[in-house]
Amino acid sequence: MKTAVYPGTFDPITYGHIDIIERARDIFDKVIVMVAQNPEKQPLFTDTERVTMIKKVVSKYRNVEVDSYDGLLVEFAKRKKATAIVRGLRAVSDFEYEFQMALMNRKLEANITTVFLMPHEKYTYLNSSLVREISRLGGDVSEFVPPIVRQLLSKKLKSLRK
Ligand code: ADP
């Protein structure tokens, strides 16, 4: 059984992330989406909200699980008996950071390999912070996130305005 961990902030999950999840689940027996509890990023959604949101979005996929973790990624992967870390590569600008992370994670745990997947080119310009910004300014994000995420975004932004 080949298991991969797909870590990220997912604040919120977009069609770009979903594209990567779909590709990963065709390659691996099981994909665990890991919501990183990165306090430095001060996410819009709490980790519990992000986990719940992602669970709703991936509920149709039999071999995808969702969890959150606040420790070392390789520790989480070992605990879950995963042998791979999946990351998305959108453009050359992602490369340097991803390359560094992949080599550092390999240094920490030689048995876990990072694999990079490219999303459909229509998602290469898409990221969560743009989605948050467009939504905050009242723009339409329906091309970028599933309907449930769009609803949760507008609800969250409304609650913050109060
Ligand atoms: P970050 O790692 O910068 O916090 P995320 O956590 O949202 O960003 O992203 C998690 C992973 O998903 C990363 O590997 C990132 O490159 C990838 N990703 C984000 N948006 C997209 C997209 N539109 N298409 C493909 N991969 C993406």
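All ligand and atom numbering here is 1-based and tracks the order in the structure.
Of all protein heavy atoms, the one closest to atom 16 (O) of ligand 1 is Gly88 O, 2.7 Å. The protein non-hydrogen atom at the shortest distance from atom 17 (C) of ligand 1 is Tyr6 OH, 3.5 Å. The protein non-hydrogen atom at the shortest distance from atom 21 (C) of ligand 1 is Arg90 CD, 3.5 Å. Closest to atom 6 (O) of ligand 1, if we only count protein heavy atoms, is Thr9 N, 2.4 Å. Atom 7 (O) of ligand 1 has His17 NE2, 2.9 Å as its closest protein atom, hydrogens excluded (heavy atom only).
Annotation: Asn127 places no N or O atom under 3.5 Å from an N or O atom of ligand 1; distance criterion only. For the pair Asp11 and ligand 1, the shortest N or O to N or O distance does not fall below 3.5 Å. Checked against a 3.5 angstrom limit, the closest N/O atoms of Gly8 and ligand 1 fall outside it.
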Verdict with supporting geometry, Asp67 and Val51, side-chain contact (heavy atoms from CB on, under 4.5 Å)
CA-CA 6 Å; Asp67 208 340; Val51 167; over 6 Å; no

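No heavy atom of Tyr125 sits closer than 4.0 Å to any atom of ligand 1. At least one heavy atom of Glu98 sits less than 4.0 Å from an atom of ligand 1. Under a 4.0 Å heavy-atom criterion, Ile20 is in contact with ligand 1.
For Phe144 and Tyr15, the ring centers sit 6.0 Å or farther from each other.
When each atom of ligand 1 is checked for a heavy atom of Phe10 under 4.0 Å away, the hits are 6 (O), 7 (O). Listed by number with element, the atoms of ligand 1 under 4.0 angstrom from any heavy atom of Arg87 are 2 (O), 10 (C), 11 (C), 13 (C), 14 (O). Close contacts between ligand 1 and Gly16 involve ligand atoms 22 (C), 23 (N), 24 (N), 25 (C) [criterion: under 4.0 Å to a heavy atom].
Contacts with ligand 1 closer than 4.0 Å are made by backbone heavy atoms (N, CA, C, O) of Pro7 only, the side chain lying farther away. With a 4.0 Å heavy-atom cut-off, ligand 1 is reached by no atom of Tyr15. By the criterion of a heavy-atom distance under 4.0 Å, the side chain of Lys41, and not its backbone, is placed next to ligand 1.
With no hydrogens or angles considered, a side-chain donor-acceptor pair links Arg79 and Tyr69 at under 3.5 Å.
Salt-bridge formation is detected for the pair Glu49/Lys156: a Lys NZ or Arg NE/NH1/NH2 atom is positioned less than 4.0 Å from an Asp or Glu carboxylate oxygen. Using a cut-off of 4.0 Å between Lys/Arg side-chain N and Asp/Glu carboxylate O, Asp11 and Arg132 are scored as salt-bridged.
Within the set Ala36, Pro12, Pro119, the minimum heavy-atom distance to atom 24 (N) of ligand 1 is found for Pro119.
Counting heavy-atom neighbours within 6.0 Å of Tyr61 OH, excluding the residue itself, gives a total above 12.
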